[in-house]
Number of protein chains: 2
Amino acid sequence: MLGEAETDVGSAPVRDRRAEQRDRTREEIVAAAWERCRAEGLAGLSLRDLASAVGMRAPSLYSYFDSKLAIYDAMFAEGCQQFLDEVVDLPRTGETMTDLTTSLRHFVEFCASDHVRHQLLFQRTIPGFEPSPESYAISVQGLEVLGEWFRDLGFDDPADLDLATAVGSGLASQQISNDPGGDRWLRLVDDAVEMLVAHLERKTETQTQARTTRGEP
Amino acid sequence: MLGEAETDVGSAPVRDRRAEQRDRTREEIVAAAWERCRAEGLAGLSLRDLASAVGMRAPSLYSYFDSKLAIYDAMFAEGCQQFLDEVVDLPRTGETMTDLTTSLRHFVEFCASDHVRHQLLFQRTIPGFEPSPESYAISVQGLEVLGEWFRDLGFDDPADLDLATAVGSGLASQQISNDPGGDRWLRLVDDAVEMLVAHLERKTETQTQARTTRGEP
DNA sequence: CTGCTTCTCCTAACACCGTTCGAACTATGG
DNA sequence: CCATAGTTCGAACGGTGTTAGGAGAAGCAG
């Protein structure tokens with residue numbers, strides 16, 4: 001990002017170095033905020049602390065973020081983007097059991113690997129915090145990718161997806177609350193997928209059976 | 001240890017009115033704390049606010065509780081006691097599907113009916129808060145009752161209970177996070193129990209089958 | 001009743017919090 | 001070089017949980 005100026009003779013594209021530096025500092029602040037939250041708890045973040053972690057005093061942070069909640073919002077967006085990036089990179093086979101196992105395992109591991117991020121992304125815990133529309137859009141996008149994948153596997157009923165997300169978030173929250181760092185619930189993923197698939201397939205089966213006996217196509 | 005002085009003749013036992021009044025005030029403070037938390041968020045509780053809700057100033061609260069966290073602890077204990085009381089009162093038939101549905105539905109409804117209580121009891125969200133041993137014991141007791149019930153229904157593997165609690169906490173957390181006040185996940189309880197039971201029975205079946213083919217009893 | 005103790009409640013204050021203001025400083029563009 | 005925009009910071013404001021110390025009420029002994 002530094003060497004590619006002057007693509008041409010003389011006419012150097014005027015890169016806004018000011019804005020670049022600003023974005024870099026913003027990112028540095030957010031990274032330090034994650035670090036502080038992991039140390040002190042999500043709600044234990046102190047702006048004076050955070051500022052000194054990046055070599056500033058508290059008021060200077062307000063050149064980069066409107067408020068403390070805006071910092072949480074940037075963290076929220078970053079966490080959602082991480083999830084989205086990871087989900088679109090997951091390998092897909094089209095085979096129900098395999099793909100469901102892949103996605104569910106990834107979800108539980110994503111949640112369990114960073115309980116602060118899980119708290120910020122999936123629990124409403126900070127008084128007054130609400131993701132901005134832009135950040136929320138990323139969140140929706142990530143879940144939408146999962147939903148599409150799920151439908152591609154042949155599960156059309158929205159209730160099926162609701163049941164699957166419940167199982168996923170249940171495994172994750174139990175893992176985080178009762179065995180942080182361990183695998184007591186993580187190792188149940190294969191079992192859970194087997195359980196889910198058997199149930200969903202049995203359900204669709206009895207439904208189509210009911211339809212055919214009623215003479216529908 | 002307070003009321004049983006003067007074990008003797010009719011003489012009205014000298015009740016420690018001081019201590020009784022004190023306990024009543026403590027309870028009043030805790031009740032007001034629930035109310036304030038439901039209005040301002042669990043972490044949004046302010047001692048000056050809480051004090052004025054019971055007609056005091058903030059420092060007076062310290063006659064009744066050692067700290068703000070001690071108030072959270074009293075709330076935690078009360079919430080756990082509510083859960084325990086409700087669980088032991090649930091009707092039991094001994095029939096697997098019926099009883100599992102009863103307990104799971106109760107759990108999800110208990111969680112969903114008070115998201116502040118759910119946050120305090122089941123999520124680690126307040127920096128520095130950790131239930132006291134006495135409060136934690138009530139929590140363990142409640143879950144132990146559920147666990148015993150579960151084992152009485154014939155599910156011996158601890159992993160089975162883990163899977164069941166995961167499904168319960170997943171339904172609850174999804175209900176609270178994504179449809180507070182509604183029933184989008186609540187109405188999946190019957191489905192979820194059916195799914196669980198089918199899975200657990202299929203599992204025990206294949207296990208006993210594997211054992212008998214290996215010649216074990 | 002008077003004294004004495006104990007408990008309750010208060011005001012004042014401390015250290016910290018998020019946030020705002022306004023002044024100093026610095027780097028950039030003309 | 002100068003003007004301007006962006007950055008940093010000290011000081012301060014109103015809030016937080018918490019502590020110290022004193023005033024007043026309640027209970028009990030004589």
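Fair warning: this is a prediction, and the values are worked out from it, not measured in the lab. First the proteins, then the strands, lettered A, B, ... as listed; each starts at 1. Hydrogens, waters and symmetry mates are skipped; everything else that's a heavy atom, side chains included, is used.
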### Query
Tell me: CG of A/Asp23 to C1' of D/dT7, nearest whole Å?
15 Å

### Summary
Readout for nucleotides 9-17 of chain D: B = base within 4.0 Å of protein heavy atom, S = sugar-phosphate only, - = neither; 5' to 3' it is BBBB---BB

### Message
Test side chain to side chain contact (heavy atoms under 4.5 Å, CB included) on B/Leu200 and B/Phe150; report intermediate values, then the result.
### Response
CA-CA 12 Å; B/Leu200 296 181; B/Phe150 195 74; 3.8 Å; yes

#### Entry: Under 3.5 Å donor-acceptor, A/Arg22 side chain and A/Ser63 backbone
yes

### Query
With a cut-off of 6.0 Å (strictly less than), are more than 12 heavy atoms of other residues, nucleotides or ligands near CG of A/Asp66?
no

### Message
If I take atom CG in residue B/Asp66 and atom C1' in nucleotide D/dT18, what distance separates them, rounded to the nearest angstrom?
### Response
12 Å

### Query
Is there a donor-acceptor pair under 3.5 Å between the side chain of A/Arg26 and the backbone N or O of A/Tyr64?
yes

### Task
Starting at atom CD1 of A/Ile71, determine the distance to atom P of C/dG18, rounded to an integer number of angstrom.
9 Å

### Query
What integer distance in Å separates A/Arg24:CZ from D/dT7:C1'?
15 Å

### Query
For DNA chain D, what residues of residues 31-41 of chain B have any heavy atom nearer than 4.0 Å?
none

### Query
Are side-chain N/O atoms of A/Thr165 and B/Gln174 paired as donor and acceptor at under 3.5 Å?
yes

### Query
What distance separates A/Gln175 CD from A/Arg184 CZ, expressed to the nearest 0.5 Å?
9.0 Å

### Query
Which whole-number value in Å describes the distance from A/Leu50 CG to C/dC16 P?
18 Å

### Query
Can you tell me how far C1' of D/dT8 sits from CD1 of A/Ile29, to the nearest Å?
12 Å

#### Entry: Polar contact flag, side-chain donor to acceptor under 3.5 angstrom, A/Ser173-B/Ser169
yes

### Message
Check this one for me: any side-chain N or O of A/Arg22 less than 4.0 Å away from OP1 or OP2 of D/dT7?
### Response
yes

### Ring centers of A/Phe83, A/His106 separated by less than 6.0 Å
yes

#### Entry: Sugar-phosphate only, base, or nothing, as touched by B/Tyr64 at under 4.0 Å among non-hydrogen atoms
sugar-phosphate

### Message
With a 3.5 Å distance limit and no angle check, can you tell me whether A/Trp185 reaches the backbone of B/Asp162 through a side-chain donor-acceptor pair?
### Response
yes

